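Please read these numbers as outputs of a predicted model, since none were measured by experiment. Each chain gets a letter, A, B and so on, in the order its sequence line appears, and its residues count up from 1.
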2 protein chains.
Amino acid sequence: MSPETATARTPPRSAPRRPTQAERRARSRSALLQAAARGLSRYGYGNLVLEDVAREAGYTRGALYYQFKDKEDLALAVIEWVNESWMREVGEPAAQQADPVAELLALARGHAVFCRRDIARVVMALRMEFAGQDHPVGREIERIWETGVKRCVRLINLGRKACSIPPGPPARAVALALLGALEGAVIALAGQAPNDELLAARAVAGVLGLSEA
Amino acid sequence: MSPETATARTPPRSAPRRPTQAERRARSRSALLQAAARGLSRYGYGNLVLEDVAREAGYTRGALYYQFKDKEDLALAVIEWVNESWMREVGEPAAQQADPVAELLALARGHAVFCRRDIARVVMALRMEFAGQDHPVGREIERIWETGVKRCVRLINLGRKACSIPPGPPARAVALALLGALEGAVIALAGQAPNDELLAARAVAGVLGLSEA
DNA sequence: TATCATACATACGTGTATGTACGTAGCGAT
DNA sequence: ATCGCTACGTACATACACGTATGTATGATA
């Protein structure tokens with residue numbers, strides 16, 4: 001944020017100094033990414049119209065095709081951006097919980113809060129759209145999803161060893177059901193606070209076979 | 001099934017007698033409907049290509065446009081067909097349960113079994129695709145979904161009065177989370193028997209706040 | 001057997017969204 | 001002040017899928 005980085009003939013004095021090229025580019029890219037994320041969340045990939053995305057961001061398709069190679073590249077950038085946000089706001093905080101059960105429930109509550117914004121359904125929508133296909137976007141979504149599944153499998157096995165999670169179906173089946181139920185519940189609730197947190201945690205606890213959330 | 005309905009110069013004798021017009025038409029329509037259902041379940045509405053549907057059914061688009069007015073008409077027919085099947089195989093059997101909790105758990109298990117076939121995701125896919133839109137297909141899906149929500153709300157209120165379901169968030173929020181978690185879990189499990197039944201029931205029980213499935 | 005309606009297949013026109021080529025205004029350094 | 005590069009906007013070419021119009025073979029009827 002320090003404007004002194006440049007040799008700066010531009011007056012560091014005050015006023016909303018006219019933006020530099022890099023800032024301009026970054027602002028445009030950010031606006032386009034957010035608009036694309038909202039669009040993907042609402043319409044999915046195939047039904048997403050790039051002209052609408054650009055207009056909602058305040059540009060035309062020209063700006064979009066300057067910043068991104070094509071539609072696929074844009075979608076992959078959105079996915080990466082959403083995933084990084086999720087990791088920072090949900091994944092990493094939950095990892096600081098002491099025991100596996102607490103971490104799983106923290107994931108549920110955190111995901112519910114995360115999905116209160118308008119980009120909640122990006123992953124779910126793309127996962128539905130590309131399931132069983134062989135598309136780069138679908139593969140990336142599948143990769144992220146599989147990461148989540150593996151994390152849950154690990155936690156479930158740990159919890160069962162510690163006897164904080166009762167035995168039951170194979171850990172992978174439980175993990176799949178857990179994530180599916182979590183996403184389904186959160187999307188159906190459409191971010192209506194504050195019940196979303198409790199109900200998401202309840203769904204997860206139920207799948208795990210716990211007696212209470 | 002009685003071939004005597006027609007004045008029947010056609011020998012009722014035996015053999016695979018050549019099919020009548022009505023039978024032919026019904027067979028074609030059924031094949032097209034099933035192919036369209038599979039297609040909608042996999043690709044959703046927008047990404048569904050009618051030529052692929054027709055080919056998978058063993059016809060061309062000509063047959064499709066003879067039996068259905070347009071793509072929208074086809075989708076609505078599929079929805080009606082799937083919904084009737086669901087009511088017959090899941091909705092009505094579950095309604096014979098004695099108490100509300102048993103009925104809700106029967107719905108969960110029945111839905112899991114119902115979704116083992118390849119048309120499992122029709123409703124979920126279309127609901128995701130048309131959420132917030134104003135499209136005839138979306139409205140029909142929303143109508144069916146709302147019917148399910150209302151049924152769950154009724155059962156939840158009954159169960160709470162009977163103290164078989166503990167108090168908690170508003171019944172409508174619980175119902176939304178219940179159906180969302182149920183569909184999400186079943187789809188994520190992709191019909192892997194026999195765990196799908198148990199895990200679906202666990203998810204529902206969890207959302208309701210019950211101690212066990 | 002002749003004739004009509006039905007159940008399809010084939011061919012065409014059209015709209016729409018993508019990707020690309022080109023034009024243009026604004027930033028940055030000499 | 002000027003010139004090159006960047007960040008867009010504009011215009012075009014292409015592809016794809018829908019809907020329709022037309023052709024054709026089969027079943028029904030007399």
- prompt: When you measure from the side chain of Leu50(B), which nucleotide among dC8(C), dG19(C), dG19(D) comes out closest?
  reply: dG19(D)
message: I want to verify a distance call: between dC8(D), dC18(D), dT18(C), whose nearest atom is closest to the Arg61(A) side chain?
response: dT18(C)
query: Going by an N to O cut-off under 4.0 Å, is there a salt bridge joining Glu197(B) and Arg116(B)?
result: yes
message: It should be established whether Thr20(B) places a side-chain nitrogen or oxygen under 4.0 Å from OP1 or OP2 of nucleotide dG27(D).
response: no
field: Contact under 4.0 Å: Tyr66(A) side-chain N or O vs dA7(D) OP1/OP2
entry: yes
- request: Just compare dA7(D), dA9(C), dG9(D) and give me whichever is closest to any side-chain atom of Thr60(A).
  value: dG9(D)
query: Charged N to carboxylate O below 4.0 Å: is that the case for Glu103(B) and Arg154(B)?
result: no
query: What nucleotide, of dA17(D), dC8(C), dG19(C), holds the atom closest to the side chain of Gln67(B)?
result: dC8(C)
field: Minimum-distance nucleotide to Arg25(B) side chain [options: dA7(C), dA11(C), dG28(C)]
entry: dA7(C)
NZ/NE/NH1/NH2 to OD/OE distance under 4.0 Å, Glu142(A) and Arg139(A): no
- prompt: So among Glu146(A), Arg127(A), Met124(A), which one has a side-chain contact (heavy atoms from CB on, under 4.5 Å) with Ile141(A)?
  reply: Arg127(A)
task: Please work out if Leu64(A) contacts a base, only the sugar-phosphate, or nothing of the nucleic acid, heavy-atom cut-off 4.0 Å.
output: nothing
task: Just compare dC8(C), dG19(C), dG9(D) and give me whichever is closest to any side-chain atom of Ala63(B).
output: dC8(C)
query: Quick one: on DNA chain D, does Lys71(B) or Gly62(B) contact a more 5' nucleotide (nearest heavy atom)?
result: Lys71(B)
- request: Could you check which of dT18(C), dC8(D), dC8(C) has an atom nearest any side-chain atom of Tyr59(A)?
  value: dC8(D)
